> 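Before anything else, here's the structure in question.
Everything quoted here is computed from the prediction, not taken from an experiment. What's counted below: heavy atoms across the whole structure, side chains too, no hydrogens, waters or symmetry copies.
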Amino acid sequence: MSASFLSKKTTSTRPPHSLPGCAALSLSAFLCLSVAPLCATAETTAAKPVAAQTDATKTAAPTFEGAAALLPPDSLTHHTETFAGHKIAYTAHAGTLVLRDNAGKPTARVFYVAYTQDGADPAKRPISFFFNGGPGAATAYLHLGAAGPTVLSFPTGNPTDGANAKLAPNPDSWLPQTDMVFLDAPGTGWSIPVDEKTADKTFYGVKQDASAFAKAIQLWANTNKRLASPRYLVGESYGGIRSIEVADALAQQQNLMVNGIVMISPALDMLLLDTANSPLASALLLPSFEASRLALQHKLSPDTAAHQLDEAYHYALGPYLSTLANTPLTGEDAKAFYTDVATHSGLPLDVITKERGAPQPFAHDVRSRDGRLYTLYDGTLSIADPFPEGVDNGDSPDPTLSGFGRAYGSAFEHYAADSLNFHTDLSYNLLSMKVNAAWDFKGNGEPVARQIPVLRRLLALNPTLRIFIANGYYDLACPFASSRWVAEHIPVGRNRIGLHLYPGGHMLYTRTDSRAALARDVQAFLSP
């Protein structure tokens, strides 16, 4: 789960998405899963700890109390590894950045891991800043799932087996193309607010969060003399919303403009995910149901997928949406419509009828079929249903959120200690329901912050800004059709938005082939 999309509940019936994150599922406690240690290979020089007294740590450190005081000093290690045939010597820096209020008082210690290629020209070498979403998800998903030098792999043939996930060198790391800084949001991972009593108002909201990330990025870039480097943001799930807001905050508050944004399985506007109340949101979800059905029936091939998904999109935005948004049908007309929707979605006719043609992706009767319980984050991935007789949604676990995705937490703790020489007794807070529950989605005087207008302004104000959007076919949390719909309705800069679809779900990079394809496409994006 790269995910990061825990989104706050938008209605009384829809739970918040969490994960590498997009819309709304409750988080349950993480299982502590063991992960095999990463072994050095012939192409990898074992990490060498070095003194961490660099420019980033020379300033006098403030005195902290509570959990913030338990974080260890920064750690630097040197590595040499081979990625896709390229041998790269790089430095890993695991540490914290101190955020302060207007009076200079520390408000948070933000944990990060930076990977920088040794000997590269900083004026030409791109730097990419990564974050997951939730809100409430740490960045271990993107770090160990997609782009970092080490990847967490799940057993072949059993992708839901988190207990036997293994760390290994990542052949698809983005390091050959860009230096990378992975940042945990305050309240997640090892990023700790100094005062928990005021953390809600200081950090847990759309605008506050963007300001905090923008300042952290400016601090890192300034301290490490990277203000002249090409700058990119990479966000997953709610990280899509976050990347738009952070790009705006960087420009308006830190006077830094970004060259590009990479969004993976992004939430672009919360209203486009509210299937309980919006016919448009239901229409944008339907193609993901159809793609999942085709895949489960072995009818979706690389040669036909683009055409099939295009047809699904036009059916959903055409006959389906016009019928759903119109006066509700009755009698035989309603039965014919529900039958058509059942055929497209692959869901049982009785479920479609009960939900009046707009199936809710998190509902148990939608996810449970033939004794299997499917995950919101991949419509083709399932486990044995622990409650096949039917239960309330709150008692029905999500296989990704409550299952194998939990492995990223303990895996990151192991990786940080073993490979980055960053040792702490603090648990890595992979998914925080406390942060998610406290999140303020309001904008500046708006009931809900709207990111699409912000994106439109960014593209107009920055005429070279480019956007890369990656979606999985089977993602029911942040559907690929929502990205397409948003891109099609951008009046300025539409030609600078690239849409990329891959076999997979919300965390499309857990599939080896899709992770490799994503890395290749990102390489092209970063080297225009």
Side-chain angles (χ1 to χ4, degrees), residues 7-17 22-25 267-294 308-369 374 376 379 390 392-393 441 446-453 471 473-491:
S7 65
K8 194 169 184 179
K9 203 175 204 177
T10 55
T11 72
S12 60
T13 59
R14 178 162 189 155
H17 284 278
C22 202
L25 272 185
L268 296 172
D269 190 306
M270 292 303 297
L271 297 181
L272 296 180
L273 304 176
D274 188 8
T275 55
N277 296 296
S278 169
L280 177 58
S282 294
L284 295 174
L285 172 64
L286 188 62
S288 293
F289 275 123
E290 184 158 0
S292 301
R293 172 186 66 81
L294 290 168
Q308 289 170 297
L309 298 182
D310 186 63
E311 284 193 331
Y313 179 82
H314 286 294
Y315 168 78
L317 271 293
Y320 176 74
L321 178 57
S322 63
T323 303
L324 198 64
N326 214 320
T327 303
L329 298 174
T330 59
E332 291 300 315
D333 289 338
K335 183 177 180 180
F337 173 61
Y338 298 152
T339 300
D340 200 25
V341 175
T343 300
H344 279 272
S345 67
L347 298 174
L349 178 58
D350 64 331
V351 172
I352 295 297
T353 302
K354 183 173 65 174
E355 305 243 7
R356 300 178 66 190
Q360 302 304 306
F362 48 84
H364 182 269
D365 59 359
V366 170
R367 294 192 296 122
S368 178
R369 301 189 296 278
Y374 288 81
L376 176 71
D392 291 338
N393 292 333
F441 282 92
E446 304 168 297
V448 177
R450 301 295 310 280
Q451 282 71 44
I452 295 175
N471 282 99
Y473 297 163
Y474 321 124
D475 184 1
L476 304 177
C478 296
F480 70 84
S482 63
S483 296
R484 176 173 173 176
W485 188 86
V486 169
E488 289 178 344
H489 288 78
I490 294 292

> How about Tyr473 and Gln308: does a side-chain donor come under 3.5 Å of a side-chain acceptor?
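Per modelled atom types, Tyr473 and Gln308 side chains form no pair under 3.5 Å.
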> Can Lys335 and Glu332 be counted as an ion pair, charged N to O under 4.0 angstrom?
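Between Glu332 and Lys335 there is no salt bridge, as every charged N stays at least 4.0 Å from the carboxylate O atoms.
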> Run the side-chain contact (heavy atoms from CB on, under 4.5 Å) test on Leu476 and Tyr374 for me, step by step, so that the C-alpha distance in whole Å, both residues' side-chain angles and the decisive distance to 0.1 Å come before the verdict.
CA-CA 10 Å; Leu476 304 177; Tyr374 288 81; over 6 Å; no
> What's the verdict on side-chain contact (heavy atoms from CB on, under 4.5 Å) for Arg369 and Leu347, showing C-alpha distance, side-chain angles and the deciding distance?
CA-CA 8 Å; Arg369 301 189 296 278; Leu347 298 174; 3.3 Å; yes
> Nearest 0.5 Å please: distance from the NE2 atom of His314 over to the CG atom of Leu321.
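Going from the NE2 atom of His314 to the CG atom of Leu321 covers 13.5 Å.
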> Testing the basics here: between Pro359 and Ile352, what is the closest heavy-atom pair and its distance to 0.1 Å?
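Heavy atoms only, the tightest pair is CG-CD1, 3.9 Å.
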> Any idea which heavy atoms bring Thr323 and Pro319 closest together, and the distance?
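Where Thr323 meets Pro319 most closely, the heavy atoms are OG1-O, 2.8 Å.
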> May I ask you to test the Leu273-Pro479 pair for a side-chain heavy-atom distance under 4.5 Å?
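Contact flag for Leu273/Pro479 side chains = yes.
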> How many angstroms lie between atom OG1 of Thr353 and atom CZ of Phe337, to the nearest 0.5 angstrom?
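The OG1 atom of Thr353 sits 10.5 Å away from the CZ atom of Phe337.
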> Hey, are the side chains of Leu284 and Leu317 touching, using non-hydrogen atoms and a 4.5 Å cut-off?
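Yes, side chains in contact.
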> Check the angle between the aromatic planes of Tyr315 and Tyr320 and answer parallel, tilted or perpendicular using the 30° and 60° thresholds.
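It falls in the tilted class, 30° to 60°.
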> Heavy atoms, side chains only, cut-off 4.5 Å: are Glu355 and Asp365 in contact?
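In contact.
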> Looking at Pro361 and Thr275, what are the two nearest heavy atoms and their distance?
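Where Pro361 meets Thr275 most closely, the heavy atoms are CD-OG1, 3.7 Å.
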> OG/Ser345 to CG/Leu285 distance, rounded to the nearest 0.5 angstrom?
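Here the rounded value is 9.5 Å.
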> Grab the two heavy atoms, one from Gln360 and one from Ala276, that are nearest each other, plus how far apart they are.
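That would be OE1-N, 3.3 Å.
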> Donor-acceptor pair, Arg293 side chain versus Gly379 backbone, under 3.5 Å?
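Checked: no pair found.
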> Which pair of non-hydrogen atoms, one from Ala312 and one from Pro287, has the smallest distance, and what is that distance?
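Taking every non-hydrogen atom into account, O-CG, 3.8 Å.
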> If you look at every heavy atom in Gln451 and Leu268, which pair is closest and at what distance?
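Nearest pair, atom of Gln451 first, then Leu268: CB-O, 3.5 Å.
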> How far apart are the C-alpha atoms of Asp269 and Val486, what are their side-chain angles, what is the distance that settles it, and do they pass the side-chain contact (heavy atoms from CB on, under 4.5 Å) test?
CA-CA 9 Å; Asp269 190 306; Val486 169; 5.7 Å; no
> With the side chain counted from C-beta on, respond yes when Ser278 and Leu272 share a heavy-atom pair under 4.5 Å apart, and no when they do not.
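A side-chain contact is absent here, since even the closest heavy-atom pair is not under 4.5 Å.
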> Are Trp485 and Leu280 side-chain neighbours, meaning at least one heavy-atom pair lies under 4.5 Å?
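Heavy-atom side-chain distance check passes, below 4.5 Å.
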> What's the separation between atom CZ in Arg450 and atom CG in Leu271, rounded to the nearest 0.5 Å?
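Between atom CZ of Arg450 and atom CG of Leu271 there are 5.0 Å.
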